[in-house]
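Worksheet: one structure, shown below.
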Amino acid sequence: MIAEGVKKDFRERDNISINSRAWAEVNLKNLHHNVVELQRILPRTCEIMAVVKADAYGHGSVQVSRYLNQVGVLNFAVATLEEGIELRERGIKGNILILGYTNPKDIQWVIRYQLIQTVLDYEYAKKLNQYNKKVKVHVKLDTGMGRLGEEIKNIENIINIYRCRYLDVCGTFTHLSVSDSLEPSDIVYTDQQINSFYKVIGTLKLKKISPGKIHIQSSYGVLNRPELNCDYARIGIALYGALDYENIKVKVNLCPVLSLKSRVVAIKNIKRGQEIGYGRNYIAKRDGKIGIISIGYADGIPRTVARQGIYCLINGSRAPIIGNVCMDQLIVDITKIGNVKPDDIAIFIGESENERITVAQVAQRYDTISNEILSRIGHRIKTAHLLM
Ligand SMILES: *Cc1c(COP(=O)(O)O)cnc(C)c1O
């Protein structure tokens with residue numbers, strides 16, 4: 001349950017954002033729904049570790065984490081030391097794991113802010129151990145991603161990490177590289193990653209070394225490998241309800257959390273043959289009407305968007321983006337939409353009447369994933385966190 005004072009605080013800040021030139025609305029009720037839905041799928045003993053890196057994928061990491069705290073989520077993952085410090089300074093409770101590199105020289109900050117650092121490999125462990133101060137860590141194992149983590153073939157190195165005197169190892173994890181694919185060869189690859197991880201865990205236990213809490217899955221790992229029984233699941237994109245449903249095995253009902261909105265700030269009549277925007281990139285085929293929208297590539301709308309056939313929604317109708325997107329504005333064709341006025345809302349992600357634009361749709365047109373589209377959302381976009 002959310003306290004009245006908190007509700008009021010949310011509402012007052014929301015008004016500033018919603019009146020602005022471009023903003024994101026974050027539906028906290030949908031976020032809560034997604035938490036409940038994901039907990040339903042996870043084994044009873046597996047806790048959600050909410051991945052709130054990159055400003056919670058554009059959703060506002062402090063507000064999202066604060067809300068998650070209130071609905072009982074007590075484990076978080078960030079990418080950087082700065083992201084972790086910000087959460088602690090703003091009062092976020094529970095475990096905060098830094099997934100990426102922290103300069104060993106800065107390890108005092110990890111300790112001071114009661115964060116948990118990922119051990120990237122044995123070399124890194126030795127450096128952390130030199131500071132003679134006990135630091136909480138999770139050990140990462142590379143089972144086939146080829147990114148961070150000590151390689152599982154180096155079992156001696158792995159064992160030595162746990163023997164470092166100043167490392168307080170409270171977890172061990174790995175990351176799957178193709179858990180979002182249902183291709184048979186990818187399924188085999190994921191099986192191999194999981195099996196080799198558990199083999200190392202078995203070896204550690206034989207040597208009476210505790211691996212601490214174990215975790216393997218991120219969002220697609222949870223939805224395609226629901227049978228795994230880990231202590232945590234590191235969930236990002238599923239929490240934000242922006243999955244690509246084509247690649248999911250488990251039936252799950254997740255709601256989109258973020259809408260991205262802007263405004264019509266001016267309207268112009270144009271003549272056939274008139275040239276619009278930078279590079280005279282668009283030439284009107286007939287007389288018509290355009291709307292200038294106050295959102296641009298500095299806000300996260302990719303510059304060449306018009307070539308991908310992308311539109312926004314104005315008064316429930318599709319308004320195609322024309323010409324190149326500018327840094328702070330873009331232009332849409334509103335010839336076929338009746339009665340558009342300045343200050344009308346243009347929706348880039350979200351719903352309007354019977355139309356809906358999902359992050360996954362936008363990502364597909366760009367040949368990328370929802371995670372990239374969301375994390376591109378720029379710093380000028382203020383977020384309104386709504387408890388609707
Ligand atoms: C970003 C990240 C996640 C979250 O991935 P989603 O697909 O968004 O759930 C999980 N684990 C690691 C190591 C990550 O870097």
Side-chain angles (χ1 to χ4, degrees), residues 31 34-35 37-39 41-42 46-59 61 64-65 68 73 75-84 87 95-102 115-121 124 137-150 171-182 186 190 193-194 197 213-226 228 230-250 252 254 256-258 358-360 363 368-377:
L31 181 66
N34 295 345
V35 168
E37 184 70 358
L38 289 162
Q39 272 166 343
I41 291 163
L42 290 170
C46 180
E47 291 180 55
I48 292 175
M49 182 186 284
V51 180
V52 293
K53 62 189 178 185
D55 202 23
Y57 297 43
H59 292 62
S61 60
V64 161
S65 305
L68 289 172
V73 174
N75 300 287
F76 297 91
V78 294
T80 69
L81 173 62
E82 291 79 1
E83 289 177 342
L87 293 188
N95 297 312
I96 301 176
L97 172 65
I98 302 170
L99 296 169
Y101 169 84
T102 299
L115 306 171
I116 305 170
Q117 175 58 45
T118 293
V119 174
L120 311 184
D121 55 19
Y124 187 80
V137 297
H138 282 202
V139 175
K140 188 159 192 190
L141 303 177
D142 181 4
T143 55
M145 173 78 181
R147 196 174 64 177
L148 303 179
E150 182 57 61
T172 302
F173 71 109
T174 192
H175 194 49
L176 305 173
S177 57
V178 281
S179 63
D180 60 345
S181 166
L182 298 175
D186 288 338
T190 301
Q193 281 197 273
I194 294 167
F197 178 77
K213 305 274 191 182
I214 63 173
H215 43 117
I216 301 174
Q217 303 135 293
S218 56
S219 294
Y220 287 95
V222 167
L223 299 165
N224 288 328
R225 299 288 169 151
L228 288 182
C230 298
D231 296 304
Y232 297 132
R234 303 182 305 273
I235 308 185
I237 199 72
L239 213 47
Y240 308 114
L243 290 172
D244 179 352
Y245 280 91
E246 277 170 31
N247 300 323
I248 298 179
K249 208 164 82 179
V250 168
V252 64
L254 300 170
V257 174
L258 180 138
T358 67
V359 184
T368 182
I369 56 173
S370 300
N371 308 44
E372 185 185 350
I373 297 296
L374 287 173
S375 61
R376 269 169 175 264
I377 293 176

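Because the structure is a prediction, the values reported are computed rather than measured. Residue numbers count from 1 along this sequence. In each ligand, atom 1 is the first atom listed, and ligand 1 is the first ligand listed. The figures that follow rest on heavy atoms only: side chains count, while hydrogens, waters and symmetry mates do not.
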For side-chain contact (heavy atoms from CB on, under 4.5 Å), just list the numbers for Asp244 and Ile369, CA-CA rounded to whole Å, side-chain angles, deciding distance to a tenth of an Å, and then say yes or no. CA-CA 8 Å; Asp244 179 352; Ile369 56 173; over 6 Å; no
Are any of the side-chain heavy atoms of [X] and [Y] separated by less than 4.5 Å?
| X | Y | answer |
| --- | --- | --- |
| Gln193 | Ser177 | yes |
| Leu258 | Tyr57 | no |
| Leu115 | Phe76 | no |
| Leu176 | Phe197 | no |

For [X], which part has a heavy atom under 4.0 Å from ligand 1: side chain, backbone, both, or neither?
| X | answer |
| --- | --- |
| Leu239 | neither |
| Tyr57 | side chain |
| Arg147 | side chain |
| Ile237 | both |

Decide yes or no on side-chain contact (heavy atoms from CB on, under 4.5 Å) for Val78 and Ile96, but give the supporting numbers first.
-> CA-CA 7 Å; Val78 294; Ile96 301 176; 4.0 Å; yes
When distances are taken from atom 9 (O) of ligand 1, the protein heavy atom at minimum range is Ser219 OG, 2.5 Å
Check: Asn371 N/O within less than 3.5 Å of ligand 1 N/O
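Between Asn371 and ligand 1 (N or O atoms, distance only) the closest approach is under 3.5 Å.
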Pairs of nitrogen or oxygen atoms closer than 3.5 Å, one from Gly236 and one from ligand 1: do any exist?
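There is such a contact, yes.
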Per-atom filter on ligand 1: closer than 4.0 angstrom to a heavy atom of Leu99 are 12 (C), 14 (C), 15 (O)
Interatomic distance, CG@Leu254 vs CG@Leu38, rounded to 0.5 Å, equals 5.0 Å
Checking heavy-atom distances from atom 2 (C) of ligand 1 to each of Lys53, His175, Arg234, the winner is Lys53
